Amino acid sequence: MKKILVFTILSLFYNLSLARDYIEIVGSSTVFPFSTVVAETFGKKTKFPTPKVEATGSGGGIKLFCKGNGIDSSDIVNSSRRIKEKEFQKCLDNGVTDITEVLIGFDGIAIANSKDGLTFDLTIKDLYLALAAKVPANIDQNAKKINFIKNPYTHWNQINAKLPAVKIKILGPPPTSGTRDALQELALEGGCKEYSFIKQLKKKNKEKYIKLCHTIREDGRYIEMGENDNLIISKLSNEINTLGIFGFSFLDQNSDKVKGAKINNNPITFEKITSGEYPISRPLYFYIKNSHRDKIKGINKFIAEFVNESTIGEEGYLTDKGLIPLPINKLKKYSNDALNSVKLEM
Amino acid sequence: MSNTTKLVSANLKKRYAKERRFKFYGIFSITLSLTFLLFLLFDIVSKCLPVFTQSYVELDIDFAPKYLNLEEKSSYSKEELFNANYQKLINNSLYKLFPEVKARKQKRILRKFVSSGAQYKLRDLVIDNPKIIGDTKSIWLLTDDDIDSFIKGLIDENAPESERRVKDFQINWIKSLQAKDKIDSKLNINFLTNSDSREPEQAGILGALKGSFYTMLITLLLSFPIGVGAAIYLEEFAPKNYWIDIIEVNINNLAAVPSIVFGILGLAIYINFFGIPRSAPIAGGLVLSLMTLPVIIISTRVAIKSVPPSIREAALGLGASKMQVITHHVIPLAMPGILTGSIIGMAQALGESAPLLMIGMVAFVADVPQSFFDPATVLPVQIFIWADSPERAFIALTSAAIVVLLVFLFLMNLSAIILRKKFENKQ
């Protein structure tokens, strides 16, 4: 018994002294379903261990990634937005100076309701008026002074006479989610900007502009559902005219239950997201810590697998999982960057 | 009749009614909770049923070197065999089965009839037995999750084609194969022998089970001896003073601290300060033992308190030392209580996922962990990850993982009861 105990304790310490032999990936939960597929394929195709992928959210992931160059920090971070200048500066301060940026594709954000419900044909402005906490009181463009009032709209037809006379109820992601960031930036701000007087505000008082254009209403019309998109979809089947907000891959998998609303006359399809006509989509990135390239075995092969055309190209296996692929010239540029460790400058 | 009797008999009816009402409330609340429990169990079990079987398709695989992207020669090195193209073998045999499929797009969909993991099965087959090269063999291969869902009847054939994940031409393929007896349902062993995968048909619970096992082992090894020791000291040896009171209050408070706080503590101390690897069972076990410790201390103290003082006094009176009293009399008598408390504490830790979020155990780990230092997930985290996956077939897997977790919780609680009975009988 004693011998076993001593042996176990010794073996524990023996193990501790060994360096990490697997690739460590952290970051966005939107990129997670794609990154994990590549990790698994890489693990099966090669003799290297399968990389470990953690879903920490983009911000949390970049923090872990930028912690330092030590072997205990992660090698790759996934992000559903570009790294911010502030974050990049933090990276530099911690000695992580040599990183490579790779854009892998896009993710569309679907505004969808039940197949049995009405069909919604929204403009981005409608979305803003339905979601914002405060909206302009008089929609007269020529008015000199505009008062902002608490969002008074309870039914869709109050916003736009063409829309159905049903109650506004939207199920969406909580503030910790990257989908929510994209919703605020693309849908809310996008609609907000269509008012020229708000657009002018951006130059004069940026803080006020962000507050006006990024705050989602909290009077119970927008309901936060947590990070589980499957839950939103099962709720939508019960309340047929409630709208839900989630990633395109979930819409793709559940096309028998829910349908995406048209935004600015564009249905949410592969082609429309790639072309940029569907307005609510966001880029998906990953960043590589180049100083780890010779420390962790197999990392270069993993990156080569990830940026291969058979992975993220138009007919790649990630496209089957719902990734919206890059145009071919961009794909070539980024895969070159990735393979040649091109340093990111900001 | 006296006045009192009158008063009593007048009130009697009311008092009986009150009693009946109280009984009714009791029965009502028990039935209500049982109904919820039954509903939950029914829902989970009925959803997990599809996991029991998996559909396989029989393909005639032609192991010709040209399909493997290999040159014709008498023997191949392991390296060559490992890197050969096995997907091509499968594609080739599928094209032969359906020669009418010509369009590029349809060919692409046809290639995905078989699970993406099937090529690795062929690879292992060839590496184990290189003589197979050049032969044609019929082999049962796993189907893709969409095809599998259709064969199981989970996809409504009568729904409009645009709303179905399996299109009409795919259904025709399935039906023609079924007519030739080339599709079969087999028991799903993958669920018990595989680790996590992003393809539902290849995903299994083994990695999470092993991760849970390692994590719980660390938790048990740390929290049981330390917890019982601390409780014995506090109950039997500690002086009654101000400091001990403060410690007691703190232990009781710790038991009520939200578990995520322990995760933050673990991140700060174990990972950032001591440099224990992220996502490893050792880190998880250390964090969960922090959470389990107060539960064990409190239940052990209650168990020790309930040992009758007469036994202690009798032993002391017969000349036993304090240590002898404790080890020979108090602990054996308190053992049933100690064990029950510890097992319930462990069961709580087994179902915990929030603190593990902070230390990186909420992760995709496709390799089965082999030691305390390999990256791992645990059962509740696996449930969380599967519940959050877009592929529809993961819903069944989520329920199946919940059933596995419930079985383990049930076994732990059962063992608590059995151990208690056993120790009680000894006395």
Side-chain angles (χ1 to χ4, degrees), chain A residues 5 8 11-12 15-16 18 20-22 24-26 29 32-47 49-56 64 67 70 72-74 115 227-231 233-234 246-257 259 315 317 320-322, chain B residues 79 82-83 104-105 108-109 112 116-117 119-120 123 146 155-156 159-160 162-165 195-199 202-203 221 271-272 274-280 282 357-358 360-367 371-377 384-395 398:
Chain A
L5 209 73
T8 335
S11 70
L12 292 188
N15 262 315
L16 252 186
L18 282 177
R20 178 158 59 83
D21 62 346
Y22 54 90
E24 193 173 284
I25 305 169
V26 293
S29 48
F32 180 80
F34 305 123
S35 193
T36 45
V37 175
V38 184
E40 192 184 339
T41 311
F42 171 77
K44 282 185 177 155
K45 240 189 200 173
T46 67
K47 286 176 180 164
T50 310
K52 182 194 80 185
V53 190
E54 256 183 75
T56 57
L64 284 169
K67 208 170 65 178
D72 59 330
S73 64
S74 36
K115 272 256 134 130
E227 299 257 18
N228 191 332
D229 291 350
N230 277 327
L231 194 69
I233 287 167
S234 71
F246 41 83
F248 176 71
S249 45
F250 281 84
L251 181 77
D252 195 35
Q253 287 280 336
N254 292 286
S255 51
D256 57 331
K257 285 186 183 166
K259 57 180 176 196
E315 295 203 347
Y317 56 82
D320 297 334
K321 290 276 175 196
Chain B
E79 199 60 32
F82 190 85
N83 294 324
R104 227 167 91 86
K105 213 172 170 191
R108 188 169 167 230
I109 295 171
K112 266 178 269 157
S116 67
Q119 48 178 316
Y120 306 111
R123 181 183 72 192
D146 282 336
I155 292 175
D156 183 13
S162 62
E163 295 171 13
R164 246 188 283 125
R165 284 198 56 78
S195 192
D196 194 8
S197 166
R198 285 284 294 120
E199 305 299 329
Q202 298 168 40
L221 287 180
I271 293 179
N272 290 345
F274 286 113
I276 285 172
R278 264 178 90 81
S279 320
I282 179 120
L357 186 83
M358 304 306 301
M361 285 187 91
V362 180
F364 174 78
V365 179
D367 293 339
S371 78
F372 295 115
F373 296 92
D374 287 342
T377 48
F384 172 76
I385 291 176
W386 283 347
D388 215 19
S389 299
E391 289 80 6
R392 190 75 71 75
F394 274 117
I395 294 173
T398 308

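Side-chain atoms are counted along with the backbone in the values below, which use heavy atoms only and exclude waters and symmetry mates. Given the structure is predicted, the values throughout are model-derived calculations rather than measurements. Proteins come first, then strands; the chains are lettered A, B, ... in the order of their sequence lines, and each starts at number 1.
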*Do any N or O atoms from the side chain of R392(B) and from the backbone of N254(A) form a donor-acceptor pair under 3.5 angstrom?*
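The answer is no, because no donor-acceptor pair under 3.5 Å joins these two groups.
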_Please check this pair: side chain of R123(B) against backbone of K44(A), looking for a donor-acceptor N/O pair closer than 3.5 Å._
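Yes; at least one donor-acceptor contact below 3.5 Å.
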In terms of heavy-atom proximity below 4.5 Å to chain B, should [X] be classed as side chain, backbone, both, or neither?
X	result
Y317(A)	neither
K67(A)	side chain
I233(A)	neither

Please name the pair of heavy atoms, one in [X] and one in [Y], separated by the smallest distance, quoted to 0.1 Å.
X	Y	answer
S249(A)	P390(B)	O-CB, 4.3 Å
I385(B)	F32(A)	CG2-CE2, 4.3 Å
D229(A)	D388(B)	N-OD1, 3.9 Å
A366(B)	T50(A)	CB-CG2, 3.5 Å
E54(A)	G360(B)	OE1-CA, 3.1 Å
K52(A)	P375(B)	CD-CB, 3.5 Å

For [X], is it the side chain, the backbone, both or neither that has a heavy atom under 4.5 Å from a heavy atom of chain A?
X	value
A159(B)	neither
V362(B)	backbone
E199(B)	both
S197(B)	both

*First locate atom CD1 of I271(B), then atom CG of D72(A), and finally report the distance between them rounded to the nearest 0.5 Å.*
10.0 Å
*How far does CZ of R104(B) sit from CD of E315(A), to the nearest 0.5 angstrom?*
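One gets 4.0 Å once the value is rounded to the nearest 0.5 Å.
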*Taking C-beta and beyond as the side chain, do T41(A) and Y120(B) meet within less than 4.5 Å on heavy atoms?*
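With C-beta onward as the side chain, the pair touches.
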_Which of S195(B), S279(B), A280(B), P160(B) touches chain A most, by non-hydrogen pairs under 4.5 Å_ = S279(B)
*Has K105(B) got more than 12 heavy atoms of other residues, nucleotides or ligands less than 6.0 Å from its NZ?*
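At most 12 heavy atoms, drawn from other residues, nucleotides or ligands, come within 6.0 Å of this atom.
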*Is it true that atom CZ of F250(A) has more than 12 heavy atoms of other residues, nucleotides or ligands lying nearer than 6.0 Å?*
yes
*In chain order, what residues pass the ring-ring contact (aromatic ring centres under 6.0 Å, His included) check against F248(A), with sequence neighbours excluded?*
F270(A)
*Option that, when pairs with chain B are counted at under 4.5 Å, heavy atom only, ranks first among N230(A), T56(A), L231(A)*: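 Highest number of pairs under 4.5 Å: N230(A).
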*asked:* Can you tell me which of K257(A), E40(A), E24(A) forms the most heavy-atom pairs within a distance under 4.5 Å of chain B?
replied: E40(A)
*R278(B)/R20(A) under side chain to side chain contact (heavy atoms under 4.5 Å, CB included): CA gap, chis, key distance, verdict*: CA-CA 11 Å; R278(B) 264 178 90 81; R20(A) 178 158 59 83; over 6 Å; no
_side-chain hydrogen bond (donor to acceptor under 3.5 Å, both in side chains) against D320(A), all qualifying residues, sequence neighbours excluded_ =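 D320(A): side-chain hydrogen bond (donor to acceptor under 3.5 Å, both in side chains) contacts with R108(B), K112(B).
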